[in-house]
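Read the numbers this way: they start at 1 and go in the same order the structure lists the ligands and their atoms.
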Amino acid sequence: MVKKNTCVFISGRGSNLKNLISYSRDNSFPIKVSLVICNNKKANGISYAKINKIPYVLVNTKRPNYENKILLNLKRHKITFICLAGYMKIISEKLIKSFKGDIINIHPSLLPKYKGLNTFSRVLKNKEKKTGCTVHFVNEKLDSGSTILKKMIFINETDDEVILRQKTQKLEHRAFPEAIIKIFRKY
Ligand code: GRF
């Protein structure tokens with residue numbers, strides 16, 4: 001099987017990156033993580049690129065043309081698919097257009113509820129009974145592209161933000177690979 005040459009964008013912990021790298025060791029998993037782009041030089045996630053000898057590029061989003069650097073590297077590494085995994089920066093229309101339909105994101109809520117940041121505190125404040133995560137295609141509007149899959153968990157009365165984050169991340173580590181398999185599954 002020819003794997004999709006994939007770039008994962010991160011900004012922080014990188015647990016989803018770590019998980020995707022480990023899945024992509026399986027020959028039948030549809031993607032290969034060939035490049036990591038990170039906008040935070042202190043991000044723990046970079047260590048997973050280093051350990052696994054995956055090329056990574058640090059970008060400084062304060063620089064006016066940092067997206068050109070991204071586009072150049074995507075081209076250089078022949079990237080055909082992008083996974084946003086905790087990338088805390090909105091990507092430009094230019095980048096979205098150049099990879100139309102080939103960028104996906106994972107978000108820690110049941111979209112369309114709780115788009116944007118601080119999902120766990122908002123979910124708890126609103127006394128929701130359930131929450132979860134969503135993997136979706138990326139379009140020009142924040143957290144609004146079409147859904148590939150969602151996974152749900154129930155919230156216990158004793159759950160706080162820390163517990164909710166842990167439970168959601170566990171769910172994400174199943175949802176992201178499953179969504180990727182779903183996209184590339186051939187009938
Ligand atoms: C995840 O919760 C994801 O849903 C959100 O950012 C977080 C990234 O976590 N977009 P990690 O860096 O993959 O551990």
Side-chain angles (χ1 to χ4, degrees), residues 6-25 29 31 33-52 54 56-59 61 70 81-92 95-96 99 102-125 128 130-155 159-183:
T6 299
C7 177
V8 181
F9 283 45
I10 60 162
S11 297
R13 205 170 18 211
S15 69
N16 281 287
L17 167 67
K18 182 182 180 215
N19 186 50
L20 290 180
I21 293 172
S22 114
Y23 267 86
S24 61
R25 285 201 195 100
F29 193 62
I31 67 160
V33 182
S34 310
L35 182 65
V36 173
I37 289 200
C38 178
N39 69 333
N40 170 12
K41 60 178 185 227
K42 293 194 179 132
N44 173 63
I46 299 168
S47 63
Y48 301 123
K50 287 183 183 162
I51 293 165
N52 291 285
I54 296 167
Y56 65 93
V57 176
L58 278 171
V59 290
T61 50
I70 294 181
F81 191 65
I82 293 174
C83 295
L84 304 182
Y87 185 61
M88 304 302 282
K89 188 83 194 160
I90 291 174
I91 58 172
S92 72
L95 183 50
I96 294 172
F99 282 84
D102 290 314
I103 310 181
I104 64 172
N105 179 45
I106 186 150
H107 183 78
S109 79
L110 296 170
L111 290 174
K113 285 181 124 183
Y114 304 102
K115 295 175 182 176
L117 298 174
N118 306 319
T119 53
F120 304 117
S121 60
R122 289 187 285 144
V123 159
L124 288 173
K125 199 170 162 216
E128 295 283 1
K130 56 187 185 181
T131 186
C133 66
T134 306
V135 184
H136 64 94
F137 287 106
V138 172
N139 66 10
E140 284 80 2
K141 285 195 194 138
L142 181 71
D143 300 330
S144 296
S146 58
T147 296
I148 302 152
L149 67 80
K150 286 187 210 187
K151 280 198 186 289
M152 191 270 281
I153 41 170
F154 288 103
I155 302 172
D159 285 355
D160 58 13
E161 270 187 57
V162 175
I163 291 177
L164 217 51
R165 177 173 288 110
Q166 283 170 356
K167 282 162 82 172
T168 308
Q169 281 237 302
K170 224 170 152 190
L171 207 62
E172 288 185 345
H173 297 161
R174 286 171 35 221
F176 222 171
E178 258 183 61
I180 291 168
I181 290 168
K182 193 174 170 190
I183 294 169

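Between the side chains of Ser11 and Asn40, no donor-acceptor pair of N or O atoms lies under 3.5 Å.
Evaluation of the ring-ring contact (aromatic ring centres under 6.0 Å, His included) rule for Phe29 yields Tyr23 as partners, not counting sequence neighbours.
When all heavy atoms of Val8 and Ala85 are compared, the pair lying nearest together is CG1-CB, 3.8 Å. Between Ile180 and Leu20, the shortest heavy-atom distance links the atoms CD1-CD2, 3.7 Å.
Near ligand 1, heavy-atom contacts under 4.0 Å come from Arg13, Gly14, Ser15, Asn16, Gly86, Ile106, His107, Pro108, Gln169, Glu172.
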Between Lys130 and Val123, is a side-chain contact (heavy atoms from CB on, under 4.5 Å) present by the stated rule, with each step listed?
CA-CA 9 Å; Lys130 56 187 185 181; Val123 159; over 6 Å; no
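The environment of CE in Met152 is crowded: more than 12 heavy-atom neighbours from other residues, nucleotides or ligands sit within 6.0 Å.
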